[in-house]
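Residue numbers begin at 1 in each chain, while the letters A, B, ... track the order of the sequences.
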There are 2 protein chains.
Amino acid sequence: MPPNRPIPDAAPPPAGRATIADVARAAGVHASTVSRALNPATRGMVTEAVALRVAEAADRLGWRPSALAAGLRTRKSRTIGILVPDLVNPIFPPIVRAAESLLAAQGYATLVANTDNDPAREEMLISRMAEHVVDGLMMASAAEGTHAIELCARFGIPTVLINRRLPGATTSAVTNDDRHGIGLAVSHLVALGHRRIAHLAGPRGVSTAIDRREGFLEALRAAGLDPGPVVDAAGYTRAAGRVAMETLLAGPSFTAASFTALVAANDMLCLGVYDVLRSRGLRAGVDLSVTGFNDMPFVDLIDPPLTTIRIQHAAMGREAAEALLAEIAEPAAPRRDTRLVPELVIRASTRAPRQEH
Amino acid sequence: MPPNRPIPDAAPPPAGRATIADVARAAGVHASTVSRALNPATRGMVTEAVALRVAEAADRLGWRPSALAAGLRTRKSRTIGILVPDLVNPIFPPIVRAAESLLAAQGYATLVANTDNDPAREEMLISRMAEHVVDGLMMASAAEGTHAIELCARFGIPTVLINRRLPGATTSAVTNDDRHGIGLAVSHLVALGHRRIAHLAGPRGVSTAIDRREGFLEALRAAGLDPGPVVDAAGYTRAAGRVAMETLLAGPSFTAASFTALVAANDMLCLGVYDVLRSRGLRAGVDLSVTGFNDMPFVDLIDPPLTTIRIQHAAMGREAAEALLAEIAEPAAPRRDTRLVPELVIRASTRAPRQEH
DNA sequence: GCATTTTCTGCAATCGATTGCATCACCCCC
DNA sequence: GGGGGTGATGCAATCGATTGCAGAAAATGC
């Protein structure tokens, strides 16, 4: 007798989960008929009566399809991966959430992982996603100097970038119009009367940092002003913001003569800026106007409420998910490069500069 | 000739992804040997030389195991599901992140989904997780009146509750010691000299709300004080906090005689409390002392910085993941009920009550 | 030097659903 | 009433990895 074979025809009692074969037996049809009857797409190939009988048997037995078995055969797991640098950074949850909701409505499950901005870890996670045969991948962690995109291409995983772009990438991307956004901040400050404006830039190699920096310089040029000091932060963190702000103030000693307003590349950096100001007995909005970027949750509640550029978090997640699904459905379709338009939100951290006598 | 059969021995060129059979061919061994050579657990069953040859062939071909195929056979997907009410609520990202990191280190992928506190949606998501054959489930969305736990049991999915418990549940749970935590807040206020303390309670049916409410009453009793007014919020949201705060103030008209301090069941509710106070020209900390719960990110930055109970977000995610893995490894082991100890964080929203003349 | 045990590797079945093809029944029409 | 459709269902292969058993090869014992 062949190995592993159970006693023939010892009808498996309701042990464990019902399979399509159990349903077939219960409904008195062949497993393939069950498959066709239960799959909406092939439902039409089957007689109405049979379909009903099968459906009835299926939910009497509490049958649930195995995504593993189906996926193995079809090479589709109905699973989408999302890679973020760090879920704790408040700009990501709204994005992930919006994407997950849309995907769930389309019958997809969502795998989420944090890269910690570590390229090695990112590659490991992409490989793991590939092992799990994700149908597509959303990456919010793109940065120069990684092989993430090549890796996805090698595995044949449709990929959409979120929030950050990559220079020569041929993948779809959903990002903010960062240049325009930062321009809004600059215009606002200029309109208030500021003439010497500094920039706290984001980490090197990240598209948002590059675009915002360039947008900053460009906007100043357009306004006919010379740029104030520019300092790079090591990362988009509160701590990095503190460090960068310290060096900004340490340079030519901080006087009203140096700069009266600061455009930061990101809200998180502003938290560090606030820390430094507070430690020196200075107040944002009063002694120095400060703008952020992202309008992340709760910056309307900090003291003073932060003037910032509001991005469309949820739309970003939604559009990215849609682009990805479109690409999965029609792999030959051209890639999309969606640029979402941000808007200025004015709060108390920006004010007209003190009159100089 | 049987259908579907490719031309015999037409060696499939490197089309698509390499399978274990491709590796076997390249290494000149049988597929089963490849499987044994590449699986650390069975690696010992194979000659060193063969193992090396196989490993070499495997990464020359860029082979990656298919989690689908392996999972189908072994009935383990190496995937864990996490259900949260709403990822945008800032207390969840740290929990999810900590869990994901630990799970990733153990080779698991993490499926995340939002229930929106909607029981129907929750059941749908659990079913979907079951279809994807998750090895275990972490639920932060437990509430009375749902069949979530029964559903998991029916599907045979090991489950661990996070943050919220369920009355008679037999599953493991990792929660905060809510009674103790709220007691810390009450003691602090009492020590400051407050005698009339109100409570803004959480939504009905949620263990955190129940425990904190009882803890509040108990702590007051222990201090020999009568409880002030108690109002339930409809949910743990800023808006619900606003509404509840309005009714609290609307009752016996708000005077110094009514209450001088407010213990809220949750930080998010405090944001609503702040809104109402601000709209009435009152200030937290000055006109009314306010405490929150969770120490969610950025409440140290709001105005005034919130006195609150700090919970161990990351530890919660980690412990829950560990408990789940332990349960998967040893299904017969007794369930764990872990209670994490919170601590009081004093900031500017609490102060001694104004002296009454 | 031969019997016996221990390795190591191959064989083939298996997990559960999908799908190309074959078949069978039935209907229609000339 | 038989040929040609058409439509519904069954058959069997398949996806890729795992694993119980069998058999070959090597090591060991006496």
Side-chain angles (χ1 to χ4, degrees), chain A residues 1-8 12 15-25 27-54 58 61 63-78 130-133, chain B residues 1-8 12 15-25 27-54 58 61 63-78 130-133:
Chain A
M1 190 192 302
N4 284 16
R5 164 93 46 94
I7 301 87
R17 251 166 75 180
T19 74
I20 214 172
D22 299 328
V23 177
R25 206 170 308 125
V29 297
H30 191 265
S32 60
T33 304
V34 173
S35 174
R36 287 187 271 252
L38 262 22
N39 180 338
T42 50
R43 166 84 189 246
M45 303 172 64
V46 145
T47 317
E48 185 66 11
V50 172
L52 282 174
R53 191 147 42 92
V54 168
L61 296 182
W63 176 82
R64 301 267 72 201
S66 159
L68 260 42
L72 177 58
R73 174 68 220 241
T74 60
R75 298 157 162 295
K76 310 217 151 314
S77 63
R78 297 206 69 83
E131 293 177 11
H132 282 271
V133 196
Chain B
M1 189 192 304
N4 284 15
R5 164 94 44 96
I7 301 87
R17 246 166 76 181
T19 74
I20 214 170
D22 300 328
V23 177
R25 208 170 305 127
V29 296
H30 191 266
S32 60
T33 304
V34 173
S35 173
R36 286 187 272 251
L38 262 22
N39 180 338
T42 52
R43 168 85 189 246
M45 302 171 66
V46 145
T47 318
E48 185 66 11
V50 173
L52 282 173
R53 189 148 42 93
V54 168
L61 297 182
W63 174 81
R64 299 269 76 201
S66 159
L68 261 43
L72 176 59
R73 175 68 220 239
T74 61
R75 299 156 160 294
K76 311 217 151 310
S77 62
R78 297 207 68 85
E131 293 177 12
H132 283 270
V133 196

Participant: List in chain and number order the residues that pass side-chain contact (heavy atoms from CB on, under 4.5 Å) with B/Arg43, two or more places apart in sequence or in another chain; answer none if no residue qualifies.
Facilitator: B/Glu48, B/Ala51

Participant: What is the separation between atom CG on A/Leu68 and atom C1' on C/dT18, rounded to the nearest whole Å?
Facilitator: 15 Å

Participant: Determine yes or no for a side-chain-to-main-chain donor-acceptor pair under 3.5 angstrom, with B/Thr33 supplying the side chain and B/Val29 the backbone.
Facilitator: no

Participant: Give a yes/no on whether any side-chain N or O of A/Arg75 is located under 4.0 angstrom from OP1 or OP2 of D/dG16.
Facilitator: yes

Participant: Can you sort out which residues in residues 28-52 of chain A have a heavy atom within less than 4.0 Å of DNA chain C? Ascending by number, please.
Facilitator: A/Ser32, A/Ser35, A/Arg36

Participant: Please list, chain by chain and in numerical order, all residues satisfying side-chain contact (heavy atoms from CB on, under 4.5 Å) with A/Thr19, sequence neighbours excluded.
Facilitator: A/Ala21, A/Asp22

Participant: Excluding sequence neighbours, so at least two apart, what forms side chain to side chain donor-acceptor pair (under 3.5 Å) with B/Arg64?
Facilitator: A/Glu131

Participant: To the nearest Å, give me how far apart NE2 (A/His132) and C1' (D/dG16) are.
Facilitator: 15 Å

Participant: Name all residues meeting the side chain to side chain donor-acceptor pair (under 3.5 Å) criterion together with A/Ser32; count only those two or more places apart in sequence or in a different chain, and write none if there are none.
Facilitator: A/His30, A/Arg36

Participant: Using whole Å, report how far CD1 of B/Ile20 lies from C1' of D/dT18.
Facilitator: 8 Å

Participant: Establish, with yes or no, whether the OP1 or OP2 oxygen of C/dG16 is under 4.0 angstrom from a side-chain nitrogen or oxygen of A/Trp63.
Facilitator: no

Participant: Considering all heavy atoms of both residues, which atom of A/Ile20 and which atom of A/Trp63 are nearest to each other, and what is their separation?
Facilitator: N-NE1, 3.4 Å

Participant: Nearest-Å distance, CZ (B/Arg78) to P (C/dC15)?
Facilitator: 22 Å

Participant: A/Arg78 side chain to B/His132 main-chain N or O, any donor-acceptor pair under 3.5 Å?
Facilitator: no

Participant: Under 4.0 Å between a side-chain N/O of A/Arg73 and OP1 or OP2 of C/dC15, yes or no?
Facilitator: no

Participant: Quick check for you: to the nearest 0.5 Å, what is the distance between B/Arg17 atom CZ and B/Leu61 atom CG?
Facilitator: 13.0 Å

Participant: For A/Ser66, what residues pass the side-chain contact (heavy atoms from CB on, under 4.5 Å) criterion, not counting sequence neighbours?
Facilitator: A/Leu68, A/Ala69, B/Val133

Participant: Angle, rounded to 10°, between the helical axes spanning five pairs at each terminus of the helix from C/dG1-D/dC30 to C/dC30-D/dG1?
Facilitator: 50°

Participant: Between P on D/dT14 and CG on A/Leu72, what's the gap in Å once rounded to a whole number?
Facilitator: 13 Å

Participant: Nearest-nucleotide wise, let me know which of B/Arg53 and A/Thr74 is further upstream toward the 5' end of DNA chain C.
Facilitator: B/Arg53

